[in-house]
Q: 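A single structure is presented below for examination.
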Amino acid sequence: MVDTRPTSAFHAQNISADSTARLVGALDAQDVNDGVQRLRSWAHAALAVRPGERALDIGAGTGSQTRRLAAAVGPRGRVLGIEPNPGLRAVAEQRGTEERSAARFADADALSLPLPDATVDVVWCERVLQHLVEPEKAVFEIARVLRPGGRVALLDTDWATTILHPGDPETIAALTTGALSAAADPYSGRKLVGRLTAAGLVIDDRGSQALLQDHKSVAWPLIRMLGDSAMSRGLIGEAQRDRLYEDLAEAARQGGLHMSVTMFGAVAHRPE
């Protein structure tokens, strides 16, 4: 349920080796999440990347989708993955070399893309806008670099869709509202279509997937973080917190735990 795609204005610039390792592990785990895979597959199908095209991956992370784009455009195409986090960028470059991918990676900002106007056929931007203070500016930058007829896929989380069950409704509400403070724009998922149309792009398709956690185990680091946050804000007491923990643990033992958040997607193109 946790979205760990890293950023500060776009991505954190300074990160320790241990933090990088934890971040890479979290991103790798998300790569195999069924909901993430389904939404990505839908978006790639809607983009219909063709051999020889030029593609851009904004917020490339470990480069998994950059390499996927590179495979689609083939040897006659070009793909650039933008990733300001040096630790993640190093991992992306290493994995690209190991897989003999033609994907390239660069340090750049989503708010000022290092590309000329109308030079990109395809843009991929996944779970980045939620972390930006000026997400609209990033979408206008995407529209600027897209050539007429070029396509973009935006995928992002809407943290207001966080669901946790079972437990006392008041206690759960106190915890789930804490998830809204995890991003600069926690409602980004529901705003994708509006931001694309405001930038002059035409919507081609929309999609969504609930990102489900294992129903047989509790994500304790996340739950305890949210529980402690709710207590520190005076929203719940220690007894309420502990009772919720007991309810969640029992549900997990019985295989009946539900934890999820929904990620949305929108695919659009620049008019000819």
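Residue numbers start at 1 and run along the sequence shown.
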Q: Could you grab the distance from atom CD of Q30 to atom CD of Q37, nearest 0.5 Å is fine?
A: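 If we round to the nearest 0.5 Å, Q30:CD and Q37:CD are 12.0 Å apart.
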Q: Using only atom types and a distance under 3.5 Å, with no angle test, would you say the side chain of Q254 pairs donor to acceptor with the backbone of A251?
A: no
Q: Let me confirm one number: the CG-CG distance from L192 to L129, rounded to the nearest 0.5 Å.
A: 6.5 Å
Q: Of all heavy-atom pairs between R144 and R270, which one has the smallest distance, and what is that distance?
A: O-NH1, 3.7 Å
Q: Between R38 and S41, does any side-chain donor sit less than 3.5 Å from a side-chain acceptor?
A: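 No pair is found: no donor N or O on one side chain lies under 3.5 Å from an acceptor on the other.
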Q: For the hydrophobic clusters of this structure (ILVMFWY residues joined by side-chain heavy atoms under 4.5 Å, transitively), does one cluster hold both F105 and L88?
A: no
Q: Got a donor-acceptor contact below 3.5 angstrom from the R151 side chain to the A48 backbone?
A: yes
Q: Can you tell me if R147 has over 12 outside heavy atoms packed within less than 6.0 Å of its CZ?
A: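 Yes, the 6.0 Å shell around CZ holds more than 12 heavy atoms from other groups.
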Q: May I have the step-by-step check of side-chain contact (heavy atoms from CB on, under 4.5 Å) for W124 and L69, ending in yes or no?
A: CA-CA 9 Å; W124 183 274; L69 291 169; 3.9 Å; yes
Q: Minimum heavy-atom separation for D247 and G167, please, with both atom names.
A: OD2-CA, 3.9 Å
Q: Between Q130 and D156, is there a donor-acceptor pair closer than 3.5 Å when you use the side chain of the first and the backbone of the second?
A: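 A pair under 3.5 Å: no.
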Q: Please round to the nearest 0.5 Å and tell me the distance separating atom CD of E99 and atom CD of Q94.
A: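 If I round to the nearest 0.5 Å, the distance is 11.0 Å.
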Q: What orientation do W220 and Y245 show, parallel under 30°, tilted 30 to 60°, or perpendicular over 60°?
A: perpendicular
Q: Distance-only, no hydrogens or angles: does the T157 side chain make a donor-acceptor pair with backbone N or O of W159 under 3.5 Å?
A: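 Checked: no pair found.
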Q: Say whether, by atom type as modelled, one donor and one acceptor occur between the side chain of Q209 and the main chain of M263 under 3.5 angstrom.
A: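 Looks like no, no N/O pair under 3.5 Å.
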Q: Give, for atom CD1 of I82 and atom CZ of R104, the distance between the pair rounded to the nearest 0.5 Å.
A: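 So the CD1 of I82 and the CZ of R104 are separated by 10.5 Å.
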Q: Mind checking the CG-CD1 spacing from L154 to I142? Nearest 0.5 Å is all I need.
A: 5.0 Å
Q: How far apart are the closest heavy atoms of R78 and V73, and which atoms are they?
A: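 Heavy atoms of R78 and V73 come nearest at N-CG2, 4.0 Å.
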Q: Hydrogens and angles aside, do H44 and Q65 bring a side-chain donor and acceptor to less than 3.5 Å of each other?
A: yes
Q: Go through V91 and L27 one step at a time and tell me if the side-chain contact (heavy atoms from CB on, under 4.5 Å) criterion holds.
A: CA-CA 12 Å; V91 171; L27 291 175; over 6 Å; no
Q: With a 4.0 Å cut-off, would you call D121 and R50 a salt bridge?
A: no
Q: Under the 3.5 angstrom rule, does the side chain of D57 hit a backbone N or O of T66 as a donor-acceptor pair?
A: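 The answer is yes, because a donor-acceptor pair under 3.5 Å joins these two groups.
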Q: Would you mind checking if E53 and R76 are paired as a salt bridge, meaning a charged N to carboxylate O distance below 4.0 Å?
A: no
Q: For the pair D34 and L212, evaluate side-chain contact (heavy atoms from CB on, under 4.5 Å) and give the outcome as yes or no after the intermediate values.
A: CA-CA 8 Å; D34 289 341; L212 298 167; over 6 Å; no
Q: Please report the closest heavy-atom contact between T119 and P116, naming both atoms and the distance.
A: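 Of all heavy-atom pairs spanning T119 and P116, the closest is OG1-O, 2.9 Å.
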Q: Are V122 and V202 linked, directly or through intermediate hydrophobic residues, by side-chain heavy-atom contacts shorter than 4.5 Å (ILVMFWY only)?
A: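 Different hydrophobic clusters.
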Q: Got a salt bridge between D28 and R95, using NZ or NE/NH1/NH2 to carboxylate O under 4.0 Å?
A: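 Judged by the 4.0 Å cut-off on N to carboxylate O distance, D28 and R95 do form a salt bridge.
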Q: G207 and L39: which non-hydrogen atoms are nearest, and at how many Å?
A: C-CD1, 3.8 Å
Q: Starting at OG1 of T62, measure out to CG of N85 and round the result to the nearest 0.5 Å.
A: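 Those atoms lie 11.0 Å apart.
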Q: Tell me whether the count of non-hydrogen atoms from other residues, nucleotides or ligands lying under 6.0 Å of NE2 in H165 goes above 12.
A: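 No, not enclosed.
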Q: Does the side-chain contact (heavy atoms from CB on, under 4.5 Å) test come out yes or no for I163 and M259, once each step is laid out?
A: CA-CA 6 Å; I163 298 174; M259 295 178 63; over 6 Å; no
Q: Keeping the roles fixed (side chain from T161, backbone from T262), state whether a donor-acceptor pair exists under 3.5 Å.
A: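 Present.
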Q: Tell me which one of L115, L47, L146, V139 satisfies side chain to side chain contact (heavy atoms under 4.5 Å, CB included) with V123.
A: L146
Q: Applying the 4.5 Å side-chain criterion to the ILVMFWY set and letting contacts propagate, would L113 and F140 be lumped into a single cluster?
A: no
Q: Please confirm whether the backbone N or O of A174 pairs with a side-chain atom of T177, one donor and one acceptor, at under 3.5 Å?
A: yes
Q: More than 12 heavy atoms of other residues, nucleotides or ligands under 6.0 Å from CZ of R54: yes or no?
A: no
Q: Donor-acceptor check, side chain of S229 to backbone of M225, threshold 3.5 angstrom: yes or no?
A: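 Looks like no, no N/O pair under 3.5 Å.
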Q: Is a side-chain donor or acceptor of R89 paired with a backbone partner of E83 at a separation under 3.5 angstrom?
A: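 Side chain of R89 to backbone of E83: a pair is present.
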Q: CZ of R206: more than 12 outside heavy atoms within 6.0 angstrom?
A: no
Q: Run the salt-bridge test on K191 and D185 with the 4.0 Å N-O cut-off and return the result as yes or no.
A: yes
Q: Salt bridge check, R190 against D158: does any charged N sit closer than 4.0 Å to a carboxylate O?
A: yes
Q: Specify the closest pair of heavy atoms between A118 and P148, including all atoms of both residues, with the distance to one decimal.
A: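 In this case the closest contact between A118 and P148 is CB-CD, 4.3 Å.
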